[in-house]
A.B. asks: 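First the structure, then my questions, so here it is.
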Protein chains: 2
Amino acid sequence: MPKRNDPGRRPTLADVAERAGVSAMTVSRVIAGNYPVAPPTRSKVLRAMRDLDYVVNAHARALAGATTKTVALVLDDATGPFFAFIARGVEQQATSEGRLCLLCTTHGDPERELAVVELLREQRAEAVILVGGAQDSETYTERMSAFARSLDKSGSRLVLCGRPSPGPDVPATVVEYDNEGGAYAMTAYLLANGHRRIAYVGREIGLSTTDERIAGFRRAHADHGVALDESLIRPGTFSRESGAAATEALWAERTDVTAVFAATDMVAAGVLKALRGRGVRVPEDVSVVGFDDIPLASDLTPALTTVHVPHEQLGREAVRLALHRGPDQDDRVVLGTHIVIRESAAPLRP
Amino acid sequence: MPKRNDPGRRPTLADVAERAGVSAMTVSRVIAGNYPVAPPTRSKVLRAMRDLDYVVNAHARALAGATTKTVALVLDDATGPFFAFIARGVEQQATSEGRLCLLCTTHGDPERELAVVELLREQRAEAVILVGGAQDSETYTERMSAFARSLDKSGSRLVLCGRPSPGPDVPATVVEYDNEGGAYAMTAYLLANGHRRIAYVGREIGLSTTDERIAGFRRAHADHGVALDESLIRPGTFSRESGAAATEALWAERTDVTAVFAATDMVAAGVLKALRGRGVRVPEDVSVVGFDDIPLASDLTPALTTVHVPHEQLGREAVRLALHRGPDQDDRVVLGTHIVIRESAAPLRP
DNA sequence: CATCGTATAGATACCGCTATCTGTGATGCT
DNA sequence: AGCATCACAGATAGCGGTATCTATACGATG
């Protein structure tokens, strides 16, 4: 441990004070700028600071009260296609509010998730933002409630971003986007284009996201007076491979489908690949649409018509809501989604 | 500011000590586990900690010496296509070494970059990892040297990841990847496939990355005894749009080119789009290759033959080298690159 | 029985900074 | 002149931990 007289240690307030021939308090005041200091004194202090290349100790400062606060972002995995956008939103907003941004990942491991939350409690993070699809189970709700309460007690705020709310009386902030509405709009678009046998590919069971999207899918059918063939809702995961496999299976079974609603853009990429393999033309023979609007969507051939999710804004709102909380502030926000029309969907040809 | 007797404040060591009927030191020892504590005492303390839901204050702990150290990752922009992979590598390695990971972005603004480095100095970050292409200028070298020295004085280590080294006597660690070798291998592959008029699209001037890739491009031509037509090296930026525009311009000028080496995968996406627009088939008429091997590469149609850059490993090495430094440890590492053959390049057809 | 080592717990002094209170000359006002 | 006011700087006391030294009880040892 460095002692006061260790020659190699970093300079402290006291060192600057000594060099400038003033008290430590005066130096602190020059830095904070919240108290009058006579110009000559100020410049002597600034001089000394520069000479010693002084840097305040953020930890000491935090301990003494005037903290540089921190916002933490917790992801499953940093390489998820849209996490980057949420991260950008979080980082932007955090920076613009003068906060630092911590990044942690859990790899979907509940054990690690717990450890990370605990660590962030120690760090006294102002907000802990959990992002990413979660199984909407009893266990999940309980876990999140526990996290929320425990973080609340340490003065932090839990923010669930794109995840279901654990309940109304839990001290957490929720930022979601309109899955149901997006799916409704997209399905309606396909129906309006004459499609009647639309497959939904990539129903990942137990995922709240999935349930909401399928609800929109159903509602659109109902509103348009089209009977929904339940066997057209195909199970799968949110991966390219799953999309391809489900498409293969579907086409092996029947070929009367005229449009495919992929659960995500990634799934759509798999669907397109499988269809191309079978010689099915998109959108001439079959229309394909996705969900998410990640950059990949516009790089696919044909460019994917999809539902836009405001990922970046999601991140920004998460930070904003967590930091500016008050009686008139909402603890739950649902951001809108909308469809983006590109080239992968077309009117039904007779 | 919370006072000792503020009822809503977070519990401290003293609170736990009081509840357990022991001294604060004993509690500290139970937590640290580095000193014998009698079993009955230990359990009393553990009990009290649980009752109060006690969490140590990381700041106080850092101030007193036993710090939870931090590694900082500084990016231009979190949404860059491969930043996510570097971030994953950094985060993984940092976590496995028991460090937290801070994330900052600069948006290419030198002002912000300076501010961020200053902030990280205050945070006493153990390592500051700067990622991303940089203009290789006099100014850059000076800036980085200054950062390196200034961070060094505050006990931090500067790591330049995928950026040029500012010089041998600067206290910084450099982790690069073999741009020249990758470009050489790819060019050699095209030449071996019979291509003789290969365009290099996306020469972003002043970027060290570009210079190295072009050097490999040149060397391969020389080694294969093929004269390089300098007018085939086309300027541009690392964007899809630039790739498309450069391709349009090139084809307007001449149509004898049989292969295009795009500076990055993103540029390649633009090249493919432009060629498709002109009815040029890939790889039948023209071969197209890229550089980076981001996920997009395998989603393009046709799947892109490209140079693989070990982004994730880059991030891991950055952290590893910064933390384990010693006399026998290198301060500069160059990771290998290799080509990944997919479907966008084919032998020249007569 | 005096002496000593050992195991355990407490006391004390910082770590580097800020909040708050306490001076102290210079100035303004009657 | 006498006194309140003001602008500024210093002294002091924590923030919540950890390192290090000291104190005490107790069994072992000669």
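Lettering of chains follows the sequences in order, A, B, ..., and the numbering in each one begins at 1. Nothing here was measured: the structure is a model prediction, and the numbers come from that model.
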A.B. asks: Indicate yes or no: does B/Glu97 engage B/Arg320 in a salt bridge with an N to O separation below 4.0 Å.
C.D. replies: no
A.B. asks: Starting at atom CD of B/Glu18, determine the distance to atom P of D/dG16, rounded to an integer number of angstrom.
C.D. replies: 14 Å
A.B. asks: Closest-nucleotide mapping onto DNA chain C: is B/Ala24 or B/Ala60 further toward the 5' terminus? I mean the 5' end.
C.D. replies: B/Ala24
A.B. asks: Using the side-chain heavy atoms of A/Met25, tell me which of these nucleotides is nearest: D/dG17, D/dG10, D/dC8.
C.D. replies: D/dG10
A.B. asks: For A/Gln123 and D/dG16, what is the distance between atoms CD and C1' respectively, to the nearest whole Å?
C.D. replies: 14 Å
A.B. asks: Over how many whole Å does the gap from A/Arg10 atom CZ to C/dG16 atom P extend?
C.D. replies: 9 Å
A.B. asks: Using the ring of each side chain (for Trp, its six-membered ring), is A/Phe82 parallel, tilted or perpendicular to A/His311, with breaks at 30° and 60°?
C.D. replies: parallel
A.B. asks: Between P on C/dT18 and NE2 on A/His59, what's the gap in Å once rounded to a whole number?
C.D. replies: 14 Å
A.B. asks: Could you check which of D/dA11, D/dG16, D/dG14 has an atom nearest any side-chain atom of B/Ala64?
C.D. replies: D/dG16
A.B. asks: Which one, C/dA9, C/dC17, C/dA19, comes nearest to the side chain of A/Tyr54?
C.D. replies: C/dC17
A.B. asks: Any N or O donor-acceptor pair linking the side chain of B/Tyr35 to the base of C/dA7 at under 3.5 Å?
C.D. replies: no
A.B. asks: Nearest-Å distance, CE (A/Met49) to P (C/dC17)?
C.D. replies: 10 Å
A.B. asks: Between D/dG10 and A/Arg29, counting only base atoms on the nucleotide and side-chain atoms on the residue, is there a donor-acceptor pair under 3.5 Å?
C.D. replies: yes
A.B. asks: Counting only side-chain N and O atoms of A/Ser28, is one of them less than 4.0 Å from OP1 or OP2 of C/dC17?
C.D. replies: no
A.B. asks: Compare side-chain N and O positions of A/Thr26 against OP1 and OP2 of D/dC8 and report whether any pair is under 4.0 Å apart.
C.D. replies: no
A.B. asks: Write down the distance between CG (B/Leu63) and P (D/dT18), rounded to a whole number of angstrom.
C.D. replies: 11 Å
A.B. asks: With no hydrogens and no angle check, do the side chains of A/Thr173 and A/Arg157 hold a donor and an acceptor under 3.5 Å apart?
C.D. replies: yes
A.B. asks: Measure CG/B/Leu13 against P/D/dG14 and give the value in whole Å, please.
C.D. replies: 18 Å
A.B. asks: Ignoring hydrogens and geometry beyond distance, is a side-chain donor-acceptor pair present between B/Asp15 and B/Thr12 at under 3.5 Å?
C.D. replies: yes
A.B. asks: Which nucleotide sits closest to the side chain of A/Val37: D/dA9, C/dA19, C/dG16?
C.D. replies: D/dA9
A.B. asks: Whether B/Ser23 contacts C/dG10 is assessed here as follows: a side-chain N or O lying under 4.0 Å from the phosphate OP1 or OP2. Is that the case?
C.D. replies: yes
A.B. asks: From B/His59 NE2 over to A/Asn57 CG, what is the distance, rounded to the nearest 0.5 angstrom?
C.D. replies: 10.5 Å
A.B. asks: Side chain of B/Asn57: nearest nucleotide among D/dA9, D/dG17, C/dA9?
C.D. replies: D/dG17
A.B. asks: According to a strict under-4.0 Å criterion, is B/Thr12 in side-chain N/O contact with OP1 or OP2 of D/dC15?
C.D. replies: no
A.B. asks: Are B/Ser165 and B/Arg332 close enough that a side-chain donor and a side-chain acceptor fall under 3.5 Å?
C.D. replies: no
A.B. asks: Just to confirm, is there a sub-4.0 Å distance from OP1 or OP2 of C/dT18 to any side-chain nitrogen or oxygen of A/Arg61?
C.D. replies: yes
A.B. asks: Between C1' on D/dC15 and CD on A/Glu122, what's the gap in Å once rounded to a whole number?
C.D. replies: 17 Å
